[in-house]
**Q** 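Got a structure for you, written out below as structure tokens; questions coming shortly.
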Amino acid sequence: MKKGTFSLTTGLLSALLIMLAVVAAYGQHQQATIKVIDQKNQEPVAFAHVCFEGLKTGKPKYSMTSLQGTVPNEIIEKSKIVVSYVGYAKYIDTIQPGQSLELQLKPTILNMDEVVVTGQYTPERADKSIYKIEVINARQIEQKAATNMADLLKDESNMRVSQDGVLGTSLRIQGLSGENVKFLMDGVPMIGRMNGNFDLNQIGLYNVDHVEILEGPMSVIYGSNALAGVINIITKENKTSVLNTTASSYWESVGVFNFDASVSSNIKKHGFSIDGGRNFFNGWNPASDTSRVMTFKPRRQYFFDAYYTLTTNKFKGKIAGDYFNELLLDKGPLQPPYFIYAYDNYFTTVRYSIRLDGSIKLSRSHFINILASYSFYERQKQTWFKDLTTLEKTPVTASWGQDTTQITSWMGRATFAKNNAEKKFNYQVGADINIETGTGKRIAGYKQEIGDYAAFISLKYDPVKEISLQPGIRVIYNTKYQAPLVYALSAKWNILDGMSIRLSYAHGFRAPALKELYLYFKDVNHDIQGNPDLKAETSNNFNVNLNWGAEKTKSAWNVDITGFYNHINNVILLAPAGTGLQYTYVNLSKYMTTGVQLSASFSLYPSLKVQLGLAETGVTGSGDAELQMDPLKWATEISLSSSYHFVRPEITLSLYYKYTGMTPQVIVEDQSLIWGEVDPFNTMDITATKGFWSNRIRLSTGVKNLFNVTTIPATGAGGGHGSGGDGMNIAWGRSFFLKFTFIFNQYK
Amino acid sequence: MNTSGKIIGFILLVIIFQSCFKEDDMLPAPVKGDVITDTIAMTENYGYQLYFRLDPGKVIASNPRTNSDLGFECAPGGWKIILNTADFMKATDLGQVPFGQPFDTTDMKWKFDKSDGNPDSLAIGQWFTINGNDTLSANHVYILLRGLDENGNDLGIRQIIFDSLKNNTYYFRFTGLKGGTIYSGSVVKDPSVNYTFYSLNGVGSVVHNEPPDTDYDLIFTQYTTLLFTSLGQAYPYLVTGVLLNRNQVQAAVDTVNDFSSITFDIAKNMNFTSKLDVIGYDWKYYNFDAGSYTVRTGLSYVIKDTRGYLYKLRFIGFYNKQGQKGYPSIEYQRL
């Protein structure tokens with residue numbers, strides 16, 4: 001072969017090889033991609049959740065869209081693809097291996113298709129649920145710049161949040177106190193109530209995905225404490241393989257400094273998350289009060305939680321744990337005659353829990369859920385003698401100087417459900433066990449235990465497509481009381497497209513809790529004693545709800561009207577027991593709340609959302625079952641929330657206004673009722689939110705309590721044992737805040 | 001954003017948004033000059049009686065308050081017998097009845113020693129008749145309720161008869177309420193003290209509680225006094241306070257002048273009294289709202305001690321640093 005011929009051949013062969021290599025290489029990198037864009041503005045939707053579920057194997061694979069709105073198609077069989085993201089309607093289709101796809105997500109204005117789990121046989125859309133469920137999602141939490149449950153719920157219609165400097169923040173729903181509201185964390189009942197309520201300041205929102213609120217009786221499904229409703233806090237869960245790291249800092253001018261961070265991801269079947277943080281509050285006094293005794297006490301919180309999940313085709317298991325530690329300082333006044341000494345109380349709260357959660361999909365229609373948990377709560381008081389000339393402190397060893405109360409709870413719950421939307425008849429059966437033990441010198445006999453063993457059945461019957469009926473019954477054995485049968489009936493009628501009416505009735509029962517029976521809490525401002533002779537509360541509860549709405553291309557509106565009636569016998573109330581600050585629990589023979597709630601919302605895409613709420617709640621009661629109840633005392637609430645999104649600068653302005661009208665308060669004295677009033681007041685928060693660097697950084701700023709509400713006068717029966725001076729503490733005045741959130745996503 | 005930027009941003013978030021509990025501002029210690037501060041350890045259940053001397057400002061003697069039942073006057077010509085009111089003792093005079101037989105306390109009317117020290121108001125009043133130089137018994141039998149200890153336990157009941165006072169010695173006999181073994185007791189007068197005490201525990205014993213009567217000024221003790229309802233009905237009550245050294249010390253109460261402004265010229269013109277309970281218990285009160293005792297720091301006293309010197313005094317506390325009650329703090333100054 002001649003030299004030149006060899007060169008040409010070699011060159012051609014080389015070129016061919018190179019071309020083949022390039023083609024091969026290109027073919028290897030030519031991966032199918034799914035692109036997700038906003039239907040209206042055609043912009044890519046980042047961080048959308050994408051689930052591929054093989055049609056043959058049923059095996060789910062989760063992913064998240066990138067900043068460019070893309071996710072690779074790496075499936076090996078024909079699959080169902082489900083794409084979801086807050087503010088958009090869920091997209092469902094099928095997809096082949098190697099198929100590239102551009103799909104459009106339709107913005108939903110009303111969030112009507114939020115998926116909820118509370119009270120459902122299986123996860124269900126909120127608008128399809130037989131119960132009226134309100135969802136507060138992550139976006140709303142961000143827009144409110146809420147840092148804890150007190151912050152989040154204070155503007156909600158028909159909810160009343162009140163403050164105690166030491167015991168914290170408590171809640172009333174439908175005129176019923178917090179003992180009648182069941183708080184769940186991922187379905188597990190929370191423990192550690194002081195004076196019957198949870199301190200909502202201790203329930204942070206750093207890892208909350210959304211909050212599901214069910215107003216109305218849920219005693220059949222959730223047992224005791226659920227007469228007024230259920231609030232289920234659903235924590236975040238990363239189902240994608242994206243390594244997500246988030247860090248957030250919050251500052252409020254009154255002296256709040258919060259920080260939290262989290263890391264989460266999924267590796268094949270295994271998911272994990274670790275998060276934690278620190279919250280700090282400097283304490284607050286009115287400007288005119290320079291004493292060391294704070295109206296709102298300084299507190300420092302540490303928190304940590306983690307989970308591990310295992311997900312297969314038919315099974316999902318989760319083990320999760322959380323830890324919370326709070327130190328609250330209650331500084332005492334300087335002692336005369338030289339005002340150089342003081343007695344300070346340090347309250348330490350420790351709360352932790354471990355929970356196991358398993359879901360088994362036996363078939364397309366049959367499901368088993370198992371939930372088990374151990375929860376621990378401890379509140380410790382230590383008093384210190386402080387010498388302000390040397391700043392030394394000495395522990396008070398007298399008996400009044402220390403006190404520790406512990407509560408532990410074992411909980412187990414199992415349900416079996418048949419749920420097939422195509423069938424007329426579905427059902428759920430279940431059993432749960434709750435054993436709560438309290439120890440402490442403030443508990444009679446030092447240790448007391450209450451066991452609650454129950455079985456329940458709920459049937460769902462859809463005689464026609466538009467109507468759904470759901471009766472339920474719960475049988476309870478309680479170790480302290482003869483528990484009555486608990487039953488309920490709910491119904492839903494889809495009258496027209498976009499209009500539905502819901503009705504529910506429940507007969508409920510609530511055993512007095514450990515602290516109502518045996519607890520004793522006394523300090524400078526409180527003297528609360530349990531009453532072992534308490535009878536259980538029994539109740540009849542009715543709710544009716546009409547919901548009507550429509551969603552068009554650029555606008556949507558919704559009207560929601562709810563009426564409720566709660567009649568409780570032997571209701572347990574905290575009432576004055578004598579002189580001064582002595583309070584105890586008593587069975588107020590009859591108590592009734594009734595009212596109506598109206599909510600109207602309107603949205604104009606892409607910018608405007610307005611929601612107006614009006615609630616009228618009447619309360620009354622009778623200290624003696626033989627006597628007629630007093631005339632109803634009414635309280636009015638008006639709420640307005642609105643947001644406007646400025647498209648170009650990508651800034652969202654939000655406004656939250658609430659008018660709380662004159663609120664009646666009742667005190668029981670010698671079997672008769674004495675009524676007092678808390679004066680009306682207005683509150684308003686304004687926030688601005690913006691994302692930077694493709695939403696890697698989110699900034700929120702604004703003003704809370706614009707009208708500078710602090711203490712509201714209370715007359716007649718007084719402002720309650722937690723009020724300061726002659727009024728009721730509402731808030732710490734006007735404050736400004738700033739919140740930074742960093743989001744780092746590492747895509748694999 | 002590159003990795004460095006993320007890390008820097010993360011660290012900034014952690015550092016900037018942090019804070020800690022603010023420490024109190026240190027306060028200057030008050031300048032007291034010649035004013036002396038002392039704390040008297042009566043203990044949390046007021047189990048002790050303490051004899052205090054203003055100069056040199058110390059507790060001279062102390063005793064558990066339950067270690068005696070009766071006090072016998074030691075002054076020349078003295079004859080009075082007092083109850084231990086710190087134990088909430090009471091007595092009734094049955095008159096001339098056979099001694100040593102069983103008695104039933106139902107319907108008995110009880111008397112207390114008045115806390116002001118008035119000799120006309122003692123539960124065991126005049127128990128004698130005079131025969132020449134001797135004091136002879138009127139042969140009255142007395143029933144004594146011995147009261148309660150610091151934990152509220154009942155100390156029991158005795159019946160007693162006082163036989164005579166001869167050669168500066170008291171003679172008496174005692175036994176249980178239902179009779180039984182009769183014990184004889186005697187107490188010799190000690191001229192250096194106001195009273196010599198006797199315990200009716202077991203077979204009985206003499207107890208020397210008091211220091212010499214010129215060696216102390218005040219007694220910190222529980223004692224029984226009469227309180228009055230809003231309708232004027234009197235009822236006995238066990239209080240915690242201060243009694244004067246009887247026969248030796250006088251005091252006056254000043255509710256007008258601030259403690260720091262009381263001078264010798266103001267004090268010398270005050271109305272002094274020998275009433276034992278002039279200082280008493282009223283310098284503190286139970287504050288139901290606070291759930292603790294509050295001291296009236298605006299109340300001052302002027303005391304004329306055993307040598308005639310004037311002191312101003314006030315109470316400034318009732319709790320120790322460990323938060324235990326029963327530790328009154330006083331400040332005082334010689335004028």
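Letters A, B, ... are given to chains in the order of the sequence lines, protein chains preceding strands, and every chain is numbered from 1. Worth knowing before you read on, the calculation uses all heavy atoms, side chains too, and leaves out hydrogens, waters and symmetry mates.
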**Q** Does any backbone or side-chain atom of A/Leu329 lie under 4.5 Å from a heavy atom of chain B? Answer side chain, backbone, both or neither.
**A**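 Only the side chain of A/Leu329 comes within 4.5 Å of chain B.
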
**Q** Which pair of non-hydrogen atoms, one from B/Asp24 and one from A/Leu388, has the smallest distance, and what is that distance?
**A**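 Answer, listing the atom of B/Asp24 first, then A/Leu388: CB-CD2, 3.8 Å.
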
**Q** Which residue out of A/Thr394, A/Leu391, A/Thr383 racks up the most heavy-atom pairs below 4.5 Å with chain B?
**A**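 Result: the option with the highest number of such pairs is A/Leu391.
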
**Q** Given heavy-atom pairs under 4.5 angstrom as the criterion, report whether the side chain, backbone, both or neither of A/Pro337 touches chain B.
**A**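 For A/Pro337, the contact with chain B is made by backbone and side chain together.
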
**Q** Could you grab the distance from atom OH of A/Tyr338 to atom OG1 of B/Thr297, nearest 0.5 Å is fine?
**A**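 One finds 9.5 Å between OH of A/Tyr338 and OG1 of B/Thr297.
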
**Q** Considering residues, nucleotides and ligands other than A/Phe339, do more than 12 of their heavy atoms fall under 6.0 Å from its CZ?
**A**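 Above 12, so yes.
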
**Q** Could you pull out the closest heavy-atom pair between A/Phe385 and B/Lys321, with the gap in Å?
**A**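 The answer is CB-O, 3.0 Å.
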
**Q** Grab the two heavy atoms, one from A/Asn282 and one from B/Ser19, that are nearest each other, plus how far apart they are.
**A**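 Result for this residue pair: ND2-OG, 4.3 Å.
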
**Q** Taking everything shown except B/Asn269 itself, do over 12 heavy atoms lie less than 6.0 Å from its CG?
**A**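 Counting neighbours around CG of B/Asn269, more than 12 heavy atoms of other residues, nucleotides or ligands fall under 6.0 Å, so yes.
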
**Q** Counting only heavy atoms not in A/Lys393 (residues, nucleotides, ligands), do more than 12 fall under 6.0 Å from its NZ?
**A**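 Counting other residues, nucleotides and ligands, NZ of A/Lys393 exceeds 12 neighbours.
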
**Q** Output yes when A/Lys386 and B/Glu23 qualify as a salt bridge under the 4.0 Å nitrogen-oxygen rule, no when they do not.
**A**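 B/Glu23 and A/Lys386: salt-bridged.
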
**Q** Examine whether an atom of A/Thr397 lies under 4.5 Å from a heavy atom of chain B, and if so say whether it belongs to the side chain, the backbone or both; otherwise answer neither.
**A**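 For A/Thr397, heavy atoms of backbone and side chain both lie under 4.5 Å from chain B.
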
**Q** Do you know which two heavy atoms are closest between B/Pro28 and A/Ile340, and how far apart they sit?
**A**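 Heavy atoms of B/Pro28 and A/Ile340 come nearest at O-CG2, 4.2 Å.
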
**Q** Pick one of side chain, backbone, both or neither for B/Glu44, based on which atoms fall under 4.5 Å of a heavy atom in chain A.
**A**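 For B/Glu44, the contact with chain A is made by the side chain alone.
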
**Q** Check whether A/Tyr341 gets within reach of chain B through its side chain, its backbone, both or neither, counting any heavy atom under 4.5 Å.
**A**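 Neither part.
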
**Q** Taking OH in B/Tyr48 as the centre, count heavy atoms belonging to other residues, nucleotides or ligands within less than 6.0 Å. Is the count above 12?
**A**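 Counting other residues, nucleotides and ligands, OH of B/Tyr48 stays at 12 neighbours or fewer.
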
**Q** In terms of heavy-atom proximity below 4.5 Å to chain B, should A/Arg300 be classed as side chain, backbone, both, or neither?
**A**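 Both backbone and side chain.
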
**Q** Of all heavy-atom pairs between A/Ala398 and B/Gly323, which one has the smallest distance, and what is that distance?
**A**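 Nearest pair, atom of A/Ala398 first, then B/Gly323: CB-O, 3.5 Å.
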
**Q** Show the nearest heavy-atom pair for residues A/Pro298 and B/Phe21, with the distance to one decimal.
**A**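 For A/Pro298 versus B/Phe21, the nearest heavy atoms are CB-CE2, 3.7 Å.
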
**Q** Are more than 12 heavy atoms from other residues, nucleotides or ligands located less than 6.0 Å from atom CG of B/Asp265?
**A**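 It does: B/Asp265 CG has more than 12 such atoms within range.
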
**Q** How about CG on B/Asp34, more than 12 heavy atoms from neighbouring residues, nucleotides or ligands closer than 6.0 Å, or not?
**A**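 Atom CG in B/Asp34 is not packed in, count stays at 12 or less.
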
**Q** Pick from B/Lys22, B/Met26, B/Glu331: which one has the most heavy-atom pairs with chain A under 4.5 Å?
**A**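 Top count of heavy-atom pairs under 4.5 Å with chain A: B/Met26.
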
**Q** Can you tell me how far the CD atom of A/Gln335 sits from the OG1 atom of B/Thr294, to the nearest 0.5 Å?
**A**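 OG1 of B/Thr294 is found 8.0 Å from CD of A/Gln335.
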
**Q** Looking at side-chain heavy atoms only, is the closest gap between B/Gln324 and A/Trp400 below 4.5 Å?
**A**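 Of all side-chain heavy-atom pairs linking A/Trp400 with B/Gln324, none is under 4.5 Å.
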
